[in-house]
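FYI, the numbering just counts along the sequence from 1.
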Amino acid sequence: MQLYPAIDLKNGQCVRLKQGEFKDITVYSDKPEEIAAKWQSKGATFLHLVDLDGALAGHSVNKEVVRKIAATVSIPIQMGGGIRKEEDIEFVLSLGVSRVIIGTKAAENPEFIRNMVNKFGQERIVAGIDAKNGMVAVEGWEKISDITASDLANRMKEYGIRHVVYTDIARDGMLSGPNVDYTKKLTDETGLDIIASGGMSSMEDLKELYHAGIHGAIIGKALYENRIDLEEAIDAFEDSTIRGGRIDGM
């Protein structure tokens, strides 16, 4: 299972929100590039960035910070937040990002995804499916659409998507555990590489996802509040061993 330490960006700072509420914000660092370097030093093999300002503005906002992070680390980066046009994709890739996550546009204009996969390839374009009670949310989670997460995931598969970041908004930043059942449902129904996001709080949460056959997990607040040790998690779930023992012996 691929692990993705998360760095959420707002006003050039590394922050975390609760349930996507911009009024409920915690600032962890005003130098996100140092946080990125820290996660890489602890063994991270991929980073997950979110431009929170971009998600609301509809275009990349924290570009200089993203450029700095990409120049600081050597591991690949996936990023979402306000990426809604072809030019946005080209620009974000030019900053040194490896994969772009498209959320709002995927829900509102799925054909756009098909065109972008055809142009940039499966490994560059990730569909972001953010949902509340199974319904897709758009525009920085400010609006709930009438599309189910399952229907959107299946359409994304038809259009060539391989990777999907699935976020359960109700659990995001709450340390309440991921929605394992629904994430597994999406994985089983589509056969896609579903990356779970939202609610990760402990090694036990990661273990549940691992045993459910989930492809990846994004870890945010639990890392910043020392509830999950990244090195230990990587040993356990990326290498399938923990402290020299099999994961099943945890």
Can any side-chain N or O of Gln78 pair as donor or acceptor with the backbone N or O of Ile101 at less than 3.5 Å?
no
With a 4.0 Å cut-off on N to O distance, would you call Glu158 and Arg155 a salt bridge?
no
One thing to verify: whether Lys184 and Glu208 come together as a salt bridge, which I'm taking to mean a side-chain N less than 4.0 angstrom from a carboxylate O.
no
Go through the steps for Glu34 and Ser29 under the test side chain to side chain donor-acceptor pair (under 3.5 Å), then give the verdict.
CA-CA 8 Å; Glu34 293 183 359; Ser29 174; 5.3 Å; no
For the residue pair [X] and [Y], establish whether any side-chain heavy-atom pair is separated by less than 4.5 Å.
X	Y	result
Leu186	Leu192	no
Pro5	Leu230	yes
Val117	Tyr159	no
Glu64	Lys68	no
Pro110	Ile113	no
Asp30	Gln13	yes
Ser202	Arg227	no

Residues Met203, Tyr210; criterion side chain to side chain contact (heavy atoms under 4.5 Å, CB included); working and verdict:
CA-CA 10 Å; Met203 290 289 282; Tyr210 179 88; over 6 Å; no
Taking atom types as modelled, find out whether Glu238 and Thr45 have a side-chain donor-acceptor pair closer than 3.5 angstrom.
yes
Under 3.5 Å side-chain donor-acceptor pair for His163 and Gln122:
no
Atom [atom1] in [X], atom [atom2] in [Y]: separation rounded to 0.5 Å?
X	Y	atom1	atom2	answer
Tyr166	Asn179	OH	CG	5.0 Å
Lys85	Ile102	NZ	CD1	12.0 Å
Leu52	Leu9	CG	CG	7.0 Å

Does a sphere of radius 6.0 Å around CG in Asp151 hold more than 12 heavy atoms from other residues, nucleotides or ligands, not counting ones at 6.0 Å or beyond?
yes
Evaluate the side chain to side chain contact (heavy atoms under 4.5 Å, CB included) criterion for residues Ile194 and His215: first the C-alpha distance (whole Å), next the side-chain angles of each, then the deciding distance (0.1 Å), finally the verdict.
CA-CA 6 Å; Ile194 305 292; His215 175 76; 5.7 Å; no
Start with the C-alpha distance between Arg114 and Glu111, add both sets of side-chain angles, then the distance that settles salt bridge (Lys or Arg N to Asp or Glu O under 4.0 Å), and finish with yes or no.
CA-CA 5 Å; Arg114 177 174 56 195; Glu111 289 76 15; 5.1 Å; no
Walk me through whether Asp88 and Arg84 qualify under salt bridge (Lys or Arg N to Asp or Glu O under 4.0 Å).
CA-CA 6 Å; Asp88 296 337; Arg84 297 176 193 170; over 6 Å; no
Could you give me the CA-CA distance, side-chain angles and deciding distance for Val100 and Met116, then say whether side chain to side chain contact (heavy atoms under 4.5 Å, CB included) is met?
CA-CA 11 Å; Val100 298; Met116 294 305 96; over 6 Å; no
Aromatic plane relationship, Tyr224 with Trp39 - under 30° parallel, 30 to 60° tilted, over 60° perpendicular
perpendicular
